[in-house]
Amino acid sequence: MKGYAMQTYLLKRLLFAVSFLTISFQALSYEIETLDGDLYRFIDDRHRSVFMITKQGALITDPMNTAAATWLKAQINERFNVPIKYVVYSHNHSDHIYGAEVFDDPQTIFVAHKLAAQDIYNTKANTVAPDITFENQMLLNLGSKTVRLTYHGPNDGRGSISMLFEQQKLLYVVDWIIVGRMPWKKLWSYDIQGMINSTQAILGYDFTTFVGGHADIGNKQDVARYLGYLTQLYSQVTAGALVGKSLTEIQETVDLSEFSDLTNYQQWLPLNVEGVYERLMEESGIGWRSDVSPP
């Protein structure tokens with residue numbers, strides 16, 4: 001009986017290990033999509049980044065995490081066999097810029113906005129510190145290709161930028177523009193008015209394809225529609241707060257049904273409203289204004 005029990009125990013342990021490896025393999029499911037010849041989208045679960053391949057080398061955007069970056073580096077080596085020339089951080093949030101140590105090499109230049117770099121340093125973030133930073137705008141040239149990096153002011157996190165791949169007319173933005181999906185839940189770390197301002201600014205750019213750090217690929221019309229959602233959300237919540245409505249009352253009366261096709265609309269709309277309401281109360285000071293009736 002002891003021998004049989006031991007065999008049963010070992011078999012159960014083996015099945016558990018196989019099951020665990022299967023789950024782990026499924027979790028590490030990555031994908032590379034061709035966007036425009038030398039531009040590619042890298043997908044890791046709900047995160048997306050963009051990379052560009054030229055004869056002179058590769059430009060990588062957000063590495064995301066160590067496992068994803070390791071897989072991506074191996075794919076670039078195998079498929080393209082070019083060195084990594086640039087790694088560009090979109091902003092300071094760890095779910096996008098961790099894993100950079102995989103690309104850390106003397107010939108690789110790490111780039112970020114100065115506010116993102118400052119935050120990485122101050123918070124001792126476990127990623128590679130940028131080699132070069134910029135304040136307003138920077139052009140990166142790789143062969144005949146140009147990538148325009150621009151800071152538009154506060155929007156999400158610190159030092160969040162847009163990346164315009166000029167020859168391909170492709171714009172990459174992380175977190176503060178999302179196509180096909182609602183903004184993230186309670187809009188944590190978002191500056192709502194800043195997001196509106198930044199999105200209005202990039203609509204003046206010459207681009208035909210939009211890629212976000214999450215969700216779908218789109219075009220300029222999709223970005224304009226997203227701006228419409230943000231603008232209406234902000235204005236309707238503000239109007240309710242100014243007449244003394246409570247958060248619950250505003251959540252019950254806001255009408256954004258024209259955007260009901262967006263993923264997570266039903267689940268996240270009340271959270272979006274709550275996020276805007278809290279920022280109006282705190283950042284705009286509506287909560288203690290004498291000319292506004294309390295809810």
Side-chain angles (χ1 to χ4, degrees), residues 28-65 68-91 95-97 99-100 102-103 108-109 111-112 138-150 152 156 160-181 198-199 202-227 262-263:
L28 298 177
S29 178
Y30 306 120
E31 186 178 352
I32 291 175
E33 296 177 346
T34 301
L35 296 172
D36 187 353
D38 49 9
L39 270 183
Y40 301 84
R41 183 171 78 148
F42 173 45
I43 300 173
D44 169 25
D45 189 25
R46 62 185 181 86
H47 293 79
R48 287 92 171 90
S49 66
V50 171
F51 65 95
M52 181 172 68
I53 301 295
T54 73
K55 293 180 180 178
Q56 290 73 26
L59 181 148
I60 308 296
T61 63
D62 294 343
M64 298 190 282
N65 58 72
T70 300
W71 186 88
L72 179 60
K73 182 178 180 181
Q75 290 296 308
I76 291 175
N77 288 338
E78 179 182 335
R79 298 187 189 193
F80 308 108
N81 192 30
V82 295
I84 309 298
K85 290 294 187 181
Y86 293 103
V87 175
V88 184
Y89 296 151
S90 63
H91 63 315
D95 61 324
H96 292 278
I97 66 170
V102 171
F103 300 108
T108 303
I109 300 171
V111 183
M138 172 179 285
L139 294 179
L140 295 179
N141 297 300
L142 199 53
S144 61
K145 307 299 183 183
T146 303
V147 185
R148 184 179 298 273
L149 313 178
T150 306
H152 304 277
D156 175 66
S160 187
I161 61 174
S162 68
M163 307 183 200
L164 178 63
F165 295 79
E166 293 190 329
Q167 284 73 27
Q168 300 92 340
K169 295 187 177 182
L170 182 143
L171 184 71
Y172 177 61
V173 166
V174 176
D175 286 350
W176 49 274
I177 299 177
I178 301 168
V179 166
R181 197 205 77 187
S198 299
T199 306
I202 65 94
L203 282 173
Y205 283 16
D206 183 16
F207 71 95
T208 55
T209 303
F210 173 82
V211 178
H214 301 280
D216 300 337
I217 295 173
N219 54 34
K220 185 176 285 192
Q221 184 177 355
D222 295 318
V223 174
R225 184 169 188 247
Y226 170 80
L227 175 62
L262 297 178
T263 300

Discussion item. So, taking the atom named CD1 in I84 and the one named NZ in K73, what distance separates them when rounded to the nearest 0.5 Å?
Written reply: 7.5 Å
Discussion item. Let me confirm one number: the CD-CG distance from E166 to N141, rounded to the nearest 0.5 Å.
Written reply: 8.5 Å
Discussion item. On a heavy-atom basis, which atom in V102 and which in A69 lie closest, and how many Å separate them?
Written reply: CG1-O, 3.6 Å
Fill in: Shortest non-hydrogen contact from F207 toward N219
CE1-C, 4.3 Å
Item to complete: Compute the centroid of each ring, for F210 and then for Y226, and state whether the two points are separated by less than 6.0 Å.
Response: no
Discussion item. To check you understand the geometry: which heavy-atom pair defines the closest contact between V111 and Y86, and what is its length?
Written reply: CG2-CD2, 4.1 Å
Discussion item. Using only atom types and a distance under 3.5 Å, with no angle test, would you say the side chain of T61 pairs donor to acceptor with the backbone of V50?
Written reply: yes
Discussion item. With a 4.5 Å cut-off on side-chain heavy atoms, are I32 and F51 touching?
Written reply: yes
Worksheet item: Do the non-hydrogen side-chain atoms of T146 and Q167 ever get within less than 4.5 Å of each other?
Response: yes
Fill in: Side-chain ion pair, D216 and R181, N-O less than 4.0 Å
no
Practice prompt. For residues D175 and H96, determine if any side-chain heavy atom of one lies less than 4.5 Å from a side-chain heavy atom of the other.
Written response: yes
Worksheet item: What pair of heavy atoms forms the shortest contact from L142 to G57, and how long is it?
Response: CD2-O, 3.4 Å
Discussion item. Quick check: do H152 and W176 have side-chain heavy atoms less than 4.5 Å from each other?
Written reply: yes
Worksheet item: In Å, rounded to the nearest 0.5 Å, how long is the span from NZ of K169 to CG of L164?
Response: 10.0 Å
Practice prompt. Run the numbers on D44 and N65 for side chain to side chain contact (heavy atoms under 4.5 Å, CB included), then give the verdict.
Written response: CA-CA 9 Å; D44 169 25; N65 58 72; 2.8 Å; yes
Discussion item. Return the CG to CD1 distance between N81 and I76, rounded to the nearest 0.5 Å.
Written reply: 11.5 Å
Worksheet item: Closest heavy-atom contact between I178 and A215?
Response: CG2-CB, 3.7 Å
Discussion item. With a 3.5 Å distance limit and no angle check, can you tell me whether S160 reaches the backbone of H91 through a side-chain donor-acceptor pair?
Written reply: no
Discussion item. Looking at Q221, I want to see if its CD is surrounded by more than 12 non-hydrogen atoms of other residues, nucleotides or ligands under 6.0 Å.
Written reply: no
Discussion item. Quick one, E33 and I43 - any side-chain contact, counting heavy atoms below 4.5 Å?
Written reply: yes
Item to complete: May I ask you to test the I60-T108 pair for a side-chain heavy-atom distance under 4.5 Å?
Response: no
Worksheet item: Given side chains that start at C-beta, do those of F165 and D36 come closer than 4.5 Å, heavy atoms only?
Response: no
Practice prompt. May I have the step-by-step check of side chain to side chain contact (heavy atoms under 4.5 Å, CB included) for I109 and K85, ending in yes or no?
Written response: CA-CA 6 Å; I109 300 171; K85 290 294 187 181; over 6 Å; no
Worksheet entry | OG on S198 to CD1 on I177, rounded to 0.5 Å | 8.0 Å
Worksheet item: So M64 and F42, side chain to side chain contact (heavy atoms under 4.5 Å, CB included) or not? Walk me through it.
Response: CA-CA 10 Å; M64 298 190 282; F42 173 45; 3.2 Å; yes
Item to complete: Would you mind reporting whether V82 and K55 have side-chain heavy atoms less than 4.5 Å apart?
Response: no
Discussion item. Let me confirm one number: the CD-CZ distance from E31 to R41, rounded to the nearest 0.5 Å.
Written reply: 7.5 Å
Item to complete: Provide the closest heavy-atom pair for Y205 versus S162 in the form atom of the first, atom of the second, distance.
Response: CE2-OG, 3.9 Å
Practice prompt. Go through the steps for L35 and T209 under the test side chain to side chain contact (heavy atoms under 4.5 Å, CB included), then give the verdict.
Written response: CA-CA 9 Å; L35 296 172; T209 303; 5.5 Å; no
Practice prompt. Would you check if the side chain of D62 reaches a backbone N or O of S90 as a donor-acceptor pair within less than 3.5 Å?
Written response: yes
